[in-house]
**Student:** 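I'd like to ask some things about the structure below.
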Amino acid sequence: MTAYLTGYTCVVCDRSFEPGALRMTCPDCGPDEGILDVNYDLNAVRAAWEKSPLAGRPLNHWRYRELLPLEDSAVRDDWSVGWTPVIDASRLAKDLGLQQLLLKDEGRNPTASFKDRASSVGVAHALQHGAGTIACASTGNAATSLAGHAALAGMPCVIFVPHTAPEPKLAQLLVFGAAVISVQGSYDQAYQLCSQACEKFGWYNRNCAINPVLVEGKKTGGLEVAEQSHTFGGVPDWVAISVGDGCTIAGIWKGLKQMHALGVIDRLPRLLGVQARGVAPIAYALEKGKMPPVDDTGATIADSINVAVPRNWRKAVNALKDADGVVVCVNDDQILEAMRISGRHGVYAEPAAAAALAGVKAAIADGIISGGQSGGGGDRVLAMVTGSGLKDTHAAIRAGGEPIKIKPSIDNLASALAGRGLTDGVS
Ligand SMILES: *Cc1c(COP(=O)(O)O)cnc(C)c1O
C-alpha cells in the first residue's frame, strides 16, 4: 500500500524521487538506462505485520499488500495470483545427490506463468491511475498475463510480440481479446516499437524493465519463497532462476532481501541465474560489468529467455553480485531433458522454466552446487519453474516423444508393453 512507500531511486545514479508521481525512469539517466527501484518503510511494514500477521491472510500474493506500490483500494484480492505450490522432488534430489530439490510450480498461476505476478500488479496500478489502454512487448508470457488481467479489468490492451512467439501463447492472447501486433522482427524491435507507441498514444507501458511497479509484482515470488521456506526446512542454499530481461531474478532477490530485513528469514540463499547458450548477455555482464556487443544471431528453444538485449541487466547483475550468484548456460538438449525430468516428478514446464532445472544439473556438474554424491547430502536447492508446459506444445512433444501406437487388441497391447515392467507377473 502506498502508505508504506517512501519513494524511488535510480539504479544508475542513485538519485531519489518522491512517491506519488507516476514516474517510469530517471530523467538524468534517460529512458533506456535510468531504471527506478521502489523503496518502502520496512519498520512500518513490520509493525503492520505484527498487527495483522501474514498467517491469517488470503493465500495469494496480495497478502504482501504493504510491499506493493498500490493504494489499498487498488489491491485485487479477487485476482488469484501466486501462493504457488512448492513440490519436494525427493527422488530427483537423490538422483542428483542433493539434500533437497524443490520445484516451485509457477505454471499454476491464472494464465500459467510467473508473469501473472507482474501483470496483476501492473493492471491494478493502471486502474488506480485511470489509464485508458495498457500495452506491452513480450516474448509471450508477459503478454498473455497482461491480456488476461486486462480482460479481468475490462481494459483495452495492445500487445507487441515477435513473430516467433509459440502458437499456444498467441492463442491465449487472441482469446483474451488483446489487439495483437505480430512484429516481423526480434523481441528487441518489438520492444522499441511498443515504447514509441506508448509515448505517442499515451498508453500505460507495462514493460517490466522500465516500469518499476512491475518488478514489485515479480518480487512477490521471492517474498513467497521466504515465507514458504518455513514449511520445507528453511531457506535453501540456492535458488535457481532462468534469466531473459533480468526482471524476474532481480525481483525475486529483492523479495528475499526484504523478508530478511523484516526478520521473516534469518539467512539468504545464493542465486543461480540460468541462460540459454548462445543468448547469454547476462552471463557476460556479470563477468565484465557491461553488455556484450549486440548479437541477435543466437537461437534457443526457450523462447521466454531468448533476449539478446536485456533491458534490466543492471538490476539482474546487481542482484547476482549481492547474492554471491553464478550464471550457467544450458543448450536445447539439456532443456528438453529437463522438461522430461521435471514432468516425471509432476511438474509440467515450458522450455524456459525447465531451463532452471537444467541449470541446476549443469551447476552440479561444474562443481558450483554441491551434489553428485549418491543418496543425497549435497546442497538444498529450489528451482523456480516459471511457466507451464502447456505454453509450448511443440517443444513439449519434442521432449516427451511419441505415444505407443497399436491396433486395438489385447495381444498387440501385451507385446507393445513387453519389457516395460508394466505387465510383470502376467503370463
Ligand atoms: C519471462 C520469463 C522468464 C525470464 O524473466 P525475465 O524477467 O525476462 O528475466 C523465465 N521464464 C519464463 C517462463 C518467462 O516467461
Side-chain angles (χ1 to χ4, degrees), residues 35 84 103-109 111-119 122 136-146 148 161-162 165-166 168-169 172-173 187-188 190-191 206-212 214-219 221-222 239-255 271-276 279-283 285-286 300-317 319-320 325 327 330 335 338-339 342 347-359 383-392 395-396:
I35 293 166
T84 53
L103 304 174
K104 188 159 169 65
D105 189 359
E106 290 292 315
R108 312 274 190 108
N109 277 302
T111 76
S113 85
F114 183 88
K115 297 291 197 296
D116 284 328
R117 296 180 182 275
S119 290
C136 84
S138 159
T139 55
N141 285 335
T144 49
S145 70
L146 182 66
V161 284
K169 295 185 184 179
Q172 268 186 304
L173 283 173
Y187 166 58
D188 185 45
Y191 181 96
R206 179 251 180 252
N207 287 329
C208 242
I210 69 140
N211 185 335
L214 275 295
V215 177
E216 297 304 296
K218 293 193 166 186
K219 182 180 78 180
V239 174
I241 304 161
S242 60
V243 180
D245 261 324
C247 319
T248 299
I249 198 166
I252 289 172
W253 182 244
K254 183 173 181 185
L271 290 181
L272 183 75
V274 184
Q275 294 217 277
V279 194
I282 304 274
L286 180 60
T300 169
I301 192 175
D303 64 290
S304 299
I305 53 169
N306 190 355
V307 182
V309 186
R311 297 290 161 176
N312 232 339
W313 70 272
R314 236 180 259 277
K315 268 192 187 175
V317 166
L320 280 158
V327 177
V330 291
I335 290 171
M339 286 175 74
S342 168
V347 179
Y348 194 29
E350 71 164 89
L357 178 58
M384 295 296 287
V385 181
T386 40
S388 164
L390 293 170
K391 293 281 191 172
D392 187 350

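In each ligand, atom 1 is the first atom listed, and ligand 1 is the first ligand listed.
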**Student:** Any atom of ligand 1 sitting under 4.0 Å from a heavy atom of Ser113?
**Tutor:** no
**Student:** Ignoring hydrogens and angles, state whether a donor on the side chain of Lys391 or Thr144 is under 3.5 Å from an acceptor on the partner side chain.
**Tutor:**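 Yes, a side-chain donor-acceptor pair sits under 3.5 Å.
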**Student:** Is any side-chain heavy atom of Phe114 closer than 4.5 Å to one of Ile252?
**Tutor:**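 Of all side-chain heavy-atom pairs linking Phe114 with Ile252, at least one is under 4.5 Å.
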**Student:** Return yes or no for this condition: an N or O of Ala352 is under 3.5 Å from an N or O of ligand 1.
**Tutor:**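 Such a contact does not occur with ligand 1.
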**Student:** Ignoring hydrogens and geometry, is there a side-chain-to-backbone donor-acceptor pair from Asn207 to Ala137 under 3.5 Å?
**Tutor:** yes
**Student:** Hey, looking at atom 2 (C) of ligand 1, which of Gln275, Lys115, Glu106 has the closest heavy atom?
**Tutor:** Lys115
**Student:** Against heavy atoms of Asn141, which atoms of ligand 1 measure under 4.0 Å?
**Tutor:** 13 (C), 14 (C), 15 (O)
**Student:** So, regarding Glu350 and ligand 1 (criterion: nitrogen or oxygen to nitrogen or oxygen, under 3.5 Å), is there a contact or not?
**Tutor:** no
**Student:** With a cut-off of 4.0 Å, which atoms of ligand 1 are near a heavy atom of Gly244?
**Tutor:**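 Under 4.0 Å from Gly244, ligand 1 has these atoms: 4 (C), 6 (P), 8 (O), 9 (O).
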**Student:** For Asn109, give me all partners under side chain to side chain donor-acceptor pair (under 3.5 Å), at least two apart in sequence or on another chain.
**Tutor:** Glu106
**Student:** Using a 3.5 Å distance criterion without hydrogens, assess whether the side chain of Asp116 forms a donor-acceptor pair with backbone atoms of Thr111.
**Tutor:** yes
**Student:** Determine, using heavy atoms of Ile305 and all atoms of ligand 1, whether some pair is separated by less than 4.0 Å.
**Tutor:**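 The answer is yes, since Ile305 has a heavy atom less than 4.0 Å from ligand 1.
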**Student:** Which residues pass the side-chain contact (heavy atoms from CB on, under 4.5 Å) test with Pro168, not counting sequence neighbours?
**Tutor:** Pro166, Thr393
**Student:** Does any N or O of ligand 1 fall below 3.5 Å from an N or O anywhere on Cys247, backbone included?
**Tutor:** yes
**Student:** Below 4.0 Å, non-hydrogen atoms only: which portion of Thr386 touches ligand 1? Side chain, backbone, both or neither.
**Tutor:**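 Looking at Thr386 and ligand 1, atoms from backbone and side chain both fall under 4.0 Å.
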**Student:** Look at the side chain of Ser342 and the backbone N and O of Met339, then say whether any donor-acceptor pair between them is shorter than 3.5 Å.
**Tutor:** no
**Student:** Lys218 near ligand 1, heavy-atom distance under 4.0 Å?
**Tutor:** yes
**Student:** Is it true that a side-chain atom of Lys254 and a backbone atom of Glu216 form a donor plus acceptor pair closer than 3.5 Å?
**Tutor:** no
**Student:** Give yes or no for whether the N/O distance cutoff of 3.5 Å, strictly under, is met between Ile249 and ligand 1.
**Tutor:**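 For ligand 1, there is no N or O atom that lies under 3.5 Å from one belonging to Ile249.
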